[in-house]
Amino acid sequence: MSTRTSWADLAANSAAENVTAGSSANNGAAGTTSAPGRSTYVPPHLRNRPASSDPPAPAPAPAYNGPVASNDRPGYGGGSRWGGPRNDFNRSGYSGGRAGGWGGGRSGGWDRGREREVNPFEDEDDTEEQAFNEQENTGINFDAYEDIPVETSGDNVPPAVNTFAEVDLGEALNQNIRRCKYVKPTPVQRHAIPISLGGRDLMACAQTGSGKTAAFCFPIISGIMRGQAPQRPVRGARTVYPLALILSPTRELSMQIHDEAKKFAYQTGVKVVVAYGGAPINQQLRELERGVDILVATPGRLVDLLERARVSLQMIRYLALDEADRMLDMGFEPQIRKIVEQMDMPPAGVRQTMLFSATFPKEIQRLASDFLASYIFLAVGRVGSSTDLIVQRVEFVHESDKRSHLMDLLHAQRANGVQGKQALTLVFVETKKGADALEHWLCINGFPATTIHGDRTQQERELALRSFKTGNTPILVATDVAARGLDIPHVAHVVNFDLPNDIDDYVHRIGRTGRAGKTGLATAFFNENNASLAKALAELMQESNQEVPAWLTRYAARASYGGGRNRRSGGGRFGGRDFRRDSSFSRGGSDYYSGGSSSAGYGASGGYGGGGGGGGGGYGPGVTSAWD
DNA sequence: AAAAAAT
């Protein structure tokens, strides 16, 4: 009878498989960085002497060879765990507040930062968490990787590696990789790490949850560890000079990246600090003053810090944009341009730049190429997500029936609940008001729900997310703030209560389930208001071997007027196709570099066959790839 | 038209 029941079964199964509560990172990989031969400029960290010339931007104080500047830390002495005493920072006003036992002494500066460093692995001691980790790492089906389509294009693409051992990341980082129980690099890591270690710029399409964070963190951390201890200029005692900047579009995602990066950087001497809005700035300022090598930030707060001259980007060696296509869309682009092009950041080609996202529309690739120099494009099929591991269903539900329909799904799911725990269900809606309304309605109908959206305070947002992750509140109603990047283990079911207008947003939303090799279920409520999405949705589902309802196919055919806008970005699977290879963009060999080699990775995997080719459209003639 | 992001 009703297919509904079987969906609930799916969700329940998925939940059973995933258990509940607790969260853990599931990225993993390795890398190091060196950047040989980029024209004539030799990055400071590759010199065997202190950087003393051509600073990227005029420094107020040329005193580079003087004593190490205020917020510098001593060298990352090779391999030595305690790299030596840390200079005291110029933070006269620092008044503890946090630590006990670190008495006001600003004296010896015996590296309190590091000694105080919280062991990020401690909380994983409990067996349950341990079990998750084991499961998650062995749980990823590594054999299946051989079937994951990979495409690279660009000049002299460094070959992929098969193990972490093949790349020299340094002992401290290797130890953290072991602590994270990362056995083998994921596909995106296998390719991105050597590219990054080779000093190359990178534009990478890969789903979050496939190991993306580690793919850009490892080379950055390794590169900083190996680099010459930076001689940072003195601008003002309170200005800090991070060596790496990681930007992301939401506060929660920045927090998540920060948490992961802290694990990877544990006892490496590399300091990771996060800055985002909605939280008191003073505490963030104090953290910054204690020294920062890698700054993770959301754009607004960073601009604030830059304008206050509390942060300078002059020493940036690495720039990473996570969810890069979102960062460059209309809402964010001006801020990003300001940060990257109009402050004191070294230009493309001097710094190393890495852009990551699961989706990369052509137009955005074109914008993004401003930030890159002779970059390599990498597209990796997802480990799980929207391909095999997520079962996608679309139901025709009139606007007025949505609530009761959702209720039916939840009821069935609860009936099938495992171990008395309800499966985690993430419900996406279009508006903030709609989120509040639905949350309220669910609560008064006996379903414990909470909500996350931009009108809530940061405290409320974080509480909601925590409560959901732990299973305390097994239903989370969210706007697109939660659509990207968030790694919430054990989400069994994503419901698109309101479908997004953009197919890429759909891809990101359903990517919140089916992570790290787990199965997941994604249900969408479709009605006449979503006509413009029909074509792209039907194509996407077909590409990922999903059952496409006949009525949706009819809608898709009818709704050809929806045309251009919602077509799959670039026509490729996973939004992954180098725009430079599209004839309409290759303007007669100008700076867009026409040469590049291109290769399709391991096996054009029959499994991914299925003819997306025709529908997506728009390729230049004669272009082939693993996905064609 | 909506969401996100600084105060």
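By convention in this document, chain letters (A, B, ...) are assigned in the order of the sequence lines, proteins followed by strands, and residues within each chain are numbered from 1.
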Please determine if a side-chain N or O atom of Thr298(A) lies less than 4.0 Å away from the OP1 or OP2 oxygen of dA4(B). no
Using a cut-off of strictly less than 4.0 Å between a heavy atom of the residue and any atom of DNA chain B, enumerate the qualifying residues of residues 432-442 of chain A by number. Lys432(A)
Please confirm whether the backbone N or O of Ala483(A) pairs with a side-chain atom of Arg512(A), one donor and one acceptor, at under 3.5 Å? yes
Would you classify Asp480(A) as touching base, sugar-phosphate or nothing, given that sugar-phosphate means primed atoms plus P, OP1 and OP2, and contacts are heavy atoms under 4.0 Å? nothing
Check the pair Gln256(A), Asp487(A) against side-chain hydrogen bond (donor to acceptor under 3.5 Å, both in side chains), reporting the backbone distance first and the verdict last. CA-CA 8 Å; Gln256(A) 177 182 302; Asp487(A) 192 37; 5.3 Å; no
Taking only residues two or more places apart in sequence or in another chain, which ones pass ring pair (Phe, Tyr, Trp, His ring centres under 6.0 Å) with Phe332(A)? none
Between dA6(B), dA2(B), dA5(B), which nucleotide has the shortest distance from any of its atoms to the side chain of Tyr276(A)? dA6(B)
Take the protein atom CG of Asp502(A) and the nucleotide atom P of dA2(B), then report the distance between them rounded to whole Å. 16 Å
What is the distance from CD1 of Ile452(A) to C1' of dA4(B), rounded to the nearest Å? 12 Å
Evaluation steps, side-chain hydrogen bond (donor to acceptor under 3.5 Å, both in side chains), between Thr425(A) and Gln413(A): CA-CA 9 Å; Thr425(A) 301; Gln413(A) 216 167 282; 2.6 Å; yes
Expressed in angstrom and rounded to an integer, what is the separation of Arg456(A) atom CZ from dA3(B) atom P? 15 Å
Whole-Å distance, His453(A) NE2 to dA1(B) P, equals 21 Å
For dA6(B) and Arg251(A) - does any side-chain N or O of the residue sit under 4.0 Å from the phosphate oxygens OP1/OP2? yes
Among residues at least two apart in sequence or on other chains, which ones pass side chain to side chain contact (heavy atoms under 4.5 Å, CB included) with Asn530(A)? Leu499(A), Phe526(A), Asn527(A)
Which nucleotide in the list dA6(B), dA5(B), dA2(B) gets nearest to the side chain of Phe332(A)? dA5(B)
Presence of Arg301(A) side-chain N/O under 4.0 Å of dT7(B) phosphate oxygens OP1/OP2: yes
Rounded to the nearest angstrom, tell me the gap between atom CD in Gln458(A) and atom P in dA5(B). 7 Å
At 4.0 Å (heavy atoms only), tell me whether Gly331(A) reaches a base, stays on the sugar-phosphate, or touches nothing. base
Can you tell me if Arg461(A) touches the phosphate of dA5(B), counting only side-chain N or O atoms and a distance under 4.0 Å to OP1 or OP2? yes
Given dA3(B), dA5(B), dA6(B), identify the nucleotide with an atom nearest to the side chain of Val303(A). dA6(B)
Heavy atoms of other groups near Gln459(A) CD, more than 12 under 6.0 Å: no
How many whole angstroms separate atom CZ of Arg337(A) from atom P of dA5(B)? 21 Å
I need the CE-P distance between Met330(A) and dA3(B), as an integer number of Å. 14 Å
Whole-Å distance between dA3(B) P and Asp329(A) CG? 14 Å
Evaluate the ring planes of His405(A) and Phe525(A), with Trp represented by its six-membered ring, and classify them as parallel (under 30°), tilted (30 to 60°) or perpendicular (over 60°). perpendicular
